[in-house]
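Have a look at the structure below, then the notes.
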Amino acid sequence: MQEATRLIAVRHGETAWNVDTRIQGQIDIGLNATGLWQAERAGQALADEDIGVIYASDLARAWQTAEAIARPHGLAVQPEPRLRERAFGHLEGMSFAEIESMLPEDAKRWRERDPEFEPVGGESLLTFRDRVTRVAAELAARHPGQLVALVAHGGVMDVLYRAATRQELQAPRTWQLGNAAINRMLWTPEGFSLVGWSDIAHLAADDTLDETTT
């Protein structure tokens, strides 16, 4: 029987677009000053963990966060584009208020978590879930018995939480997806299971923004 892989999943630190409630999707936005501080704090919090490998989305906000986590371990971050945020197509760059005002039907289907809603040029929740769960399982399977860090985005964290707790895509979200929060899971060939979620003790002096685009 294959030994379980331990997973630490971390959402990137804060960006200016998080503050502005603007949809980032796959637009390459870097961390703001608060986000850089959060990334360093996450790196310090995980410095004594026996992390064997770190995979990250290749978008700057996740990559910068992953580098801060990798630094104390002397590890090189492994790029994995399949860990990118959901592609929101024509909605990327818009604020929630702009979408509500200019594209009310899109806003309604998004708000209702319609699994088949696919923004023009973007991904449906179904496609996004399949992408994230497939790559996370693939990466975990490479490292049985090890501790693997995955650094990505709020939408990715949401998919992983749902996979670990067997919740449907349309289930209302009652869990936090904060910037630079530390989340823990196990993976075996039977699937994901939850160990701990939304540890932000290392960010006690800061208000971490919850992901609001999932």
Side-chain angles (χ1 to χ4, degrees), residues 9-32 35 39 55-67 77-139 150-164 167-173 175-181 183 192 208-214:
V10 181
R11 182 188 173 207
H12 62 77
E14 184 183 286
T15 72
W17 281 25
N18 290 151
V19 177
D20 293 342
T21 66
R22 199 166 291 281
I23 309 306
Q24 295 174 114
Q26 297 193 4
I27 294 177
D28 203 8
I29 308 298
L31 300 178
N32 64 14
Y55 293 100
S57 158
D58 59 347
L59 297 177
R61 55 195 186 270
W63 192 260
Q64 289 173 291
T65 305
E67 287 187 319
V77 180
Q78 305 300 310
E80 180 44 82
R82 291 175 294 170
L83 287 173
R84 286 185 175 191
E85 181 61 280
R86 178 183 174 186
F88 284 99
H90 70 151
L91 302 181
E92 292 182 0
M94 299 178 71
S95 70
F96 304 145
E98 289 168 343
I99 296 169
E100 290 279 359
S101 172
M102 298 167 61
L103 299 164
E105 181 58 29
D106 280 14
K108 179 176 182 290
R109 295 185 70 186
W110 186 9
R111 223 175 21 247
E112 292 175 351
R113 298 191 57 81
D114 180 346
E116 296 182 354
F117 169 53
E118 188 173 289
V120 176
E123 293 175 291
S124 69
L125 272 175
L126 288 168
T127 299
F128 179 53
R129 178 190 64 186
D130 291 347
R131 165 165 68 85
V132 170
T133 53
R134 187 178 299 116
V135 68
E138 177 188 313
L139 297 176
L150 305 177
V151 185
H153 307 268
V156 174
M157 298 300 125
D158 183 66
V159 166
L160 292 175
Y161 185 94
R162 291 173 188 274
Q167 297 200 44
E168 296 296 327
L169 283 174
Q170 286 183 283
R173 180 162 67 85
W175 50 94
Q176 294 295 303
L177 302 170
N179 290 118
N183 310 296
F192 298 92
T208 179
L209 296 178
D210 185 42
E211 169 58 81
T212 52
T213 68
T214 54

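Here the structure is a predicted model, which means the values were calculated and not measured. Excluded from the calculations below are hydrogen atoms, water molecules and symmetry mates; all remaining heavy atoms, backbone and side chain alike, are included.
For Arg113 (side chain) and Leu169 (main-chain N/O), a donor-acceptor pair under 3.5 Å exists by modelled atom type. Formation of a donor-acceptor pair under 3.5 Å by the Glu67 side chain with backbone atoms of Gln64 is not found in this model. Looking only at distances, a side-chain donor or acceptor of Thr65 sits under 3.5 Å from a matching main-chain atom of Arg61. Of the possible polar contacts, one joining the Glu92 side chain to the Phe88 backbone as a donor-acceptor pair under 3.5 Å is found. In this structure a side-chain-to-backbone donor-acceptor pair under 3.5 Å is present from Asn179 to His12.
Ala60 and Gly30 make their closest contact through CB-CA, 4.1 Å (heavy atoms, listed as atom of the first residue, atom of the second, distance). Contact between Phe192 and Ala137 at its shortest, heavy atoms only, is CZ-N, 3.7 Å. Taking each heavy atom of Leu160 and Ala9 in turn, the nearest pair found is CD1-CB, 4.2 Å. Residues Glu98 and Ser95 come closest through the heavy atom pair OE1-N, 2.9 Å.
Contacts classified as salt bridge (charged side-chain N to carboxylate O under 4.0 Å, His left out) and involving residues 120-132 (residues at least two apart or in different chains) are given here: Glu123-Arg131.
For CD of Glu168, the number of neighbouring non-hydrogen atoms (other residues, nucleotides, ligands) closer than 6.0 Å is 12 at most.
Of the N and O atoms on the side chains of Glu14 and Asn32, at least one donor lies less than 3.5 Å from an acceptor on the other residue. For the 3.5 Å distance criterion, the side chains of Thr15 and Gln24 qualify, holding a donor opposite an acceptor.
Note that CG of Asp158 is 10.5 Å distant from CZ of Arg86, once rounded to the nearest 0.5 Å. With values rounded to the nearest 0.5 angstrom, Tyr55 atom OH is found 8.5 Å from Glu80 atom CD.
A salt bridge between Lys108 and Glu112 is present, with a side-chain N of the basic residue lying under 4.0 Å from a carboxylate O of the acidic one. Between Arg82 and Asp58 there is no salt bridge, since none of the side-chain N atoms of the basic residue sits less than 4.0 Å from a carboxylate O of the acidic one.
Under the salt bridge (charged side-chain N to carboxylate O under 4.0 Å, His left out) criterion, Asp114 pairs with Arg109, not counting sequence neighbours. Checked against ring pair (Phe, Tyr, Trp, His ring centres under 6.0 Å), Tyr161 has the following partners two or more places apart in sequence or in another chain: Trp175, Trp197.
In this structure the side chain of Leu83 never reaches within 4.5 angstrom of the side chain of His153, judged on heavy atoms.
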